[in-house]
Amino acid sequence: MSLFSDSVSEGNASLLVKQVDTRSKGRYKCVVNNVTVTYVVATVEAPIRTVSIDINPSGLIQCSTKDVYPAPVVQWSTEPRLSHALQPITRMAPGGKRLFTVESILKQQNNSLDYIYVCNITSKYATHTRTASLQLQEITGSEGKDLVIPCKAPKKLQSFSLVWTFTTANKTTDILTYDSQTHKSRSLWENAELEDDNALKGDVSLTLENTVGSEHSGFYTCAFSGAETRHLIQSRVVITSARQEKDFVRYNLWMLGIVAGLIALLALTLVVKRYRAKSKRNQESAQEDAEMQSMNPDKTSEEPQAGNKLTTQASASHS
């Protein structure tokens, strides 16, 4: 700490604090001629520089940052918005210089492919916010054919740098980079490229030529980095061979046959049940008629006699 010696005689008694750290915060007292007393409250902030978002080995979505002071505020959301509240678990731990490392994890939704997960980390004094978002998708390709892995920049992200990466067996390698300001791309794979005209419009989908199942099946990540935003689109890609496709079709036909058989069996069961129910009702009805007849035997025998009497009277009258 030091004064501006050349300016003190002019009334400038400001204090210069060099190499500020968390210990520099607090209330400073300035006394002039034992009369004038001034208090200055100094706060210290280590800004949020970057925010990372990814899926950890446990399948949870993880959002993190480090070397932040004081402890920030973490908020999760989805696009579109869910009807229920999210329940993340957030841990903040101070390091050697009392700077915080922040990790927040969130469980994926059942229909995870329908949502974009958004993590916002805001400084305690709300001076700035950094955002990271993650979108998941699944793609199937055929071996020996070209494959396009879709990736489009968010509409709010006008200027960005892009990195395509490939992950398999816990090993990640870079595929391609692109800068939206210079409109230049650099491919590290011979069979990977972008469409330049589409890239100018924010469509940085990756085209893989002559794919091979054992080499190109895995996770492809399209990572956008802006001034305050980071957006990831992670694609799980499965490259199937012609034999696997035939087996898949055969399996689907087999499953379709099973489903059709179950439906036919269910229909037959319903028909049998209806037939049995109808037969039972007929038997019960016949039994009720028999019981009624047994309960009224006189009425049954009188009816024919009454008919005969009427016939006889009618004959006599006619004569």
message: Enumerate the salt bridge (Lys or Arg N to Asp or Glu O under 4.0 Å) contacts for residues 194-221, please, sequence neighbours excluded, ordered by first and then second residue.
response: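 Qualifying pairs, neighbours excluded: none.
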- request: Output every pair passing side chain to side chain donor-acceptor pair (under 3.5 Å) with a member in residues 86-97, not counting sequence neighbours, ordered by first then second residue.
  value: T90-S104
Any donor-acceptor N or O pair under 3.5 Å, side chains [X], [Y]:
X	Y	answer
N120	T131	yes
T211	H216	no
S159	Q181	yes
E143	S241	no
T167	T172	yes

Minimum-distance pair of heavy atoms, taken over all atoms of [X] and [Y]:
X	Y	answer
S235	I149	OG-CG2, 3.5 Å
A192	S187	O-OG, 2.9 Å
L194	S185	CD1-CB, 4.3 Å
S64	E103	CB-CG, 4.1 Å

message: Going by side chain to side chain donor-acceptor pair (under 3.5 Å), name the residues that satisfy it together with Q109, two or more places apart in sequence or in a different chain.
response: H84
message: Once side chain to side chain donor-acceptor pair (under 3.5 Å) is applied, do any residues pair with E45, and if so which ones, sequence neighbours excluded?
response: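 Only S123, T127 meet the side chain to side chain donor-acceptor pair (under 3.5 Å) criterion with E45.
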Does [X] share a hydrophobic cluster with [Y], counting links as ILVMFWY side-chain heavy atoms below 4.5 Å and allowing steps through other members?
X	Y	result
Y28	V20	yes
I175	I139	yes
L266	V272	no
V40	V32	no
L270	L265	no

How is the hydrophobic cluster of [X] composed, in terms of its other members, when Ile, Leu, Val, Met, Phe, Trp and Tyr link through side-chain heavy atoms under 4.5 Å apart, directly or indirectly?
X	value
L134	I48, V51, I53, I55, I61, V68, Y69, V74, W76, L82, L86, M92, L99, F100, V102, L106, L113, Y115, Y117, I121, L136, L232
I263	V259
L60	I89, I105
V148	none

Atom [atom1] of [X] and atom [atom2] of [Y]: how far apart are they, to the nearest 0.5 Å?
X	Y	atom1	atom2	value
T43	K25	OG1	NZ	9.0 Å
D146	E193	CG	CD	8.5 Å
S180	L200	OG	CG	10.0 Å
R236	T221	CZ	OG1	13.5 Å
Q137	Q234	CD	CD	10.0 Å
K145	I239	NZ	CD1	11.5 Å

field: Heavy-atom side-chain proximity of E79 to V118 below 4.5 angstrom
entry: yes
- prompt: Does the side chain of T36 come within less than 4.5 Å of V31's, by heavy atoms?
  reply: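 The answer is no, as the side chains (C-beta and beyond) never meet within the 4.5 Å cut-off.
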Contact list for residues 105-194, test disulfide (SG to SG under 2.5 Å), sequence neighbours left out: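 Found C63-C119, C151-C222.
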Any residue meeting side-chain contact (heavy atoms from CB on, under 4.5 Å) with V8, in chain and number order, not counting sequence neighbours: L3
- prompt: How would you list all residue pairs meeting ring pair (Phe, Tyr, Trp, His ring centres under 6.0 Å) that involve residues 124-177, not counting sequence neighbours?
  reply: F160-F224, F166-W189, F166-Y220
- request: Please step through side-chain contact (heavy atoms from CB on, under 4.5 Å) for the pair D179 and T182, ending with a clear verdict.
  value: CA-CA 6 Å; D179 192 315; T182 61; 3.3 Å; yes
- request: Just jot down the ring-ring contact (aromatic ring centres under 6.0 Å, His included) partners of Y178, sequence neighbours excluded, or say none.
  value: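 With sequence neighbours excluded, Y178 shows a ring-ring contact (aromatic ring centres under 6.0 Å, His included) to no residue whatsoever.
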